[in-house]
Visitor: 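Dumping the structure here so I can ask a few things about it.
Residue numbers start from 1 in every chain, and the chains themselves are labelled A, B, ... in the order their sequence lines are given, proteins ahead of strands. Just so we're clear, the structure is a prediction, and the values are computed from it rather than from any experiment. Because only heavy atoms are used, hydrogens play no part in the values below, and waters and symmetry mates are left out as well, while side chains stay in.
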Amino acid sequence: MTLQEIIDRLNLTVLTEKKDFTAITPSGVYASDLLSCVMAGAHRRGLWITLQSHVNIVAVAALLDLSAVIITEGSTPEPDVIQKANREEVTLLLTPAPTYTVAGKLWELGLREG
Amino acid sequence: MAQLPLSEQDMLVDRGAGFITRAEELAYELKVEQVMTRDVKTVTPRTLIIDVLNLFREARISGAPVVDQDRLVGVISIEDLIRALRDSGRSELRASVSDYMTTRLVTVNVYDSIIEALKLFAKTKLGRLLVVDRAGRLAGIITKGDITRGLLNALQRDIETEELKRYRASHLFEDIISDRTSLILRYHIAPRDFINGGAASSNIKRALLRLGANPQLARRCGVAVYEAEMNLIIHATNGGDIEVEIEPHQIVIHVTDDGPGIEDIEQAMQPGFSTAPPEIRELGFGAGMGLQNIKRSVDELNIESTPARPRLIMKPKRGREEWELSREPAPGQGTRLTMKFFLQADQSLERHSSTGRESAE
Amino acid sequence: MRLADVLNIVQARFFLPDSVQSPSPSVLNRELRVGGSADLMSDVLCYDMSQGLLITGLINPQTVRTAEMVDVAAILIVRGKTPPPETIRTAWEAGIPLLGTQMTMFEACGRLYMANLPSAVRFAGAPPPDCTAH
């Protein structure tokens with residue numbers, strides 16, 4: 001499933017610059033709010049679900065070359081976080097839904113850990 | 001915690017459900033020796049059947065263990081007596097127990113949970129089980145009736161204990177007459193004590209419930225004081241103190257520390273503002289939501305903080321040729337958080353004006 | 001959904017103090033109203049988690065304390081983590097069943113969501129979560 005389909009099906013807001021999301025197919029999904037867990041557990045080119053919108057998430061996403069970060073609970077990042085994400089070419093997506101629901105819906109769509 | 005009995009029909013149903021659940025738990029907790037009958041009529045292998053019959057009739061029992069010099073050797077029941085009579089009529093009443101007793105023994109240990117006895121009852125269809133001690137000697141017998149009685153007694157004790165505690169606590173404010181009665185709970189919170197972090201909040205929440213506070217109020221107080229307690233653990237240099245002042249119509253919680261203080265209170269009140277280091281974030285705290293959660297939970301919030309001004313301390317070294325300079329925060333500074341909760345008339349902790357839980361009278 | 005169903009769905013096991021051999025059957029019958037997952041405890045406090053299942057990767061005793069404050073019915077630890085004895089003891093004393101699964105948070109949430117455990121709802125007036133750049 002492409003990132004564009006995921007964005008459409010979950011009605012996600014794209015916070016960073018638009019890319020050709022139809023060309024991106026996430027390798028899997030990881031949910032955690034603890035950066036150390038994400039560093040250890042998330043797959044390269046995967047999707048990361050978290051309610052953290054701290055600037056550190058951009059660094060972790062860039063380091064792991066993640067397809068996108070889905071920020072939950074409408075936890076809108078500050079403008080400088082979005083700017084940094086654009087510089088690092090990290091895609092940030094936003095939803096008002098909690099992590100539990102986002103994980104549930106992605107699982108329902110057939111996505112797996114990777 | 002067991003529901004207290006209430007007059008409404010639906011509450012009684014809930015109470016019944018609570019009883020069943022608790023009884024199940026008790027079946028695992030209670031030991032056989034706590035419910036068994038200790039004073040057991042026994043016979044020997046040489047006792048005559050006629051004497052067993054008389055014993056059964058006088059003691060109104062339907063079976064007895066057979067003991068030979070301290071050793072459990074069998075069991076004789078009314079069914080065995082009937083068999084003896086059917087076999088050879090009245091003459092067999094002169095036979096001895098050893099001829100008719102059952103030697104295949106079904107026993108439970110004194111230290112088994114009563115659930116083990118219940119399983120054996122279901123498996124064997126027997127009416128009584130022999131209870132043996134660690135040395136294998138007869139210690140008593142247990143029937144389904146003993147178990148029912150034991151469970152009911154334990155349930156009763158549970159309820160009485162909890163009701164007594166609640167009764168004592170919830171009548172505090174009317175038993176003591178004064179112009180203004182308040183109950184004060186004090187806790188000291190050690191810095192960086194992540195193991196016990198939250199224990200004070202847990203105790204405060206339980207105390208409020210026992211005093212008759214409704215669950216929503218107890219939850220609001222719990223959430224607010226918990227965030228404040230974690231703040232002390234994370235930020236306060238020497239920890240701090242929590243003081244809960246409970247009055248019938250309001251609860252005031254003071255949280256004080258002599259830590260570094262808050263530089264800019266308005267900034268600290270912004271959602272997401274945090275000065276917590278990354279290792280605290282990895283513990284699940286320091287996301288800058290603490291004060292927000294407190295604000296949401298309380299009816300009134302007052303924060304006084306004096307940020308520590310650095311103090312220069314000079315100490316002479318090596319015969320005053322050199323001076324060692326150090327910066328330390330001046331003492332007597334810190335933060336004082338006052339959280340107030342106002343109780344509506346129908347939530348009052350004073351019994352005569354409260355609406356719920358009128359059971360213990 | 002009952003706690004027994006959760007055990008099946010996410011192949012969980014109980015964490016019990018050494019002195020306790022098995023949970024009582026009434027705990028398995030405990031009814032769960034909602035589910036919620038987070039590794040940030042302040043965020044958990046923003047949700048109406050009463051009678052809910054808290055799904056988290058945090059294993060320190062604060063997880064239990066947080067759960068206790070909002071009347072959580074049970075805690076599910078994900079990612080195969082084993083909580084330290086003090087967490088297990090705190091949970092036992094608070095009467096909150098503590099479960100663990102090898103699954104990730106994503107898989108556990110996914111499977112429970114698919115099995116119709118609804119999501120917890122955020123309290124009205126709860127602050128927006130972590131939106132800091134500080």
Visitor: So which residues of residues 15-31 of chain A are in contact with chain C at a heavy-atom cut-off of under 4.5 Å?
Guide: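 Result: A/V29, A/Y30, A/A31.
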Visitor: Could you tell me which residues in residues 86-114 of chain A have at least one non-hydrogen atom under 4.5 Å from a non-hydrogen atom of chain C, sorted by residue number?
Guide: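 Only A/P98, A/T99, A/Y100, A/T101, A/A103, A/G104, A/K105, A/L106, A/W107, A/E108, A/L111, A/R112, A/E113 of residues 86-114 of chain A have a heavy atom under 4.5 Å from chain C.
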Visitor: For the OG atom of C/S37 and the CG atom of A/D33, what is their distance to the nearest 0.5 Å?
Guide: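 It is 7.5 Å, given to the nearest 0.5 Å.
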Visitor: Can you establish whether the number of heavy atoms outside C/R2 located under 6.0 Å from its atom CZ is more than 12?
Guide: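 Yes - once you tally the heavy atoms of other residues, nucleotides and ligands closer than 6.0 Å, there are more than 12.
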Visitor: Heavy atom to heavy atom, less than 4.5 Å: which residues from residues 101-117 of chain C reach chain A?
Guide: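 Only C/T104, C/M105, C/F106, C/E107, C/C109, C/G110, C/R111, C/L112, C/Y113, C/M114, C/L117 of residues 101-117 of chain C have a heavy atom under 4.5 Å from chain A.
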Visitor: Does any backbone or side-chain atom of A/L34 lie under 4.5 Å from a heavy atom of chain C? Answer side chain, backbone, both or neither.
Guide: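 Both parts, backbone and side chain.
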Visitor: Could you please state which residues from residues 55-83 of chain C sit under 4.5 angstrom from chain A, measuring non-hydrogen atom to non-hydrogen atom, sorted by number, or 'none'?
Guide: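 At a heavy-atom separation under 4.5 Å, chain A is reached by C/I55, C/L58, C/R79, C/K81.
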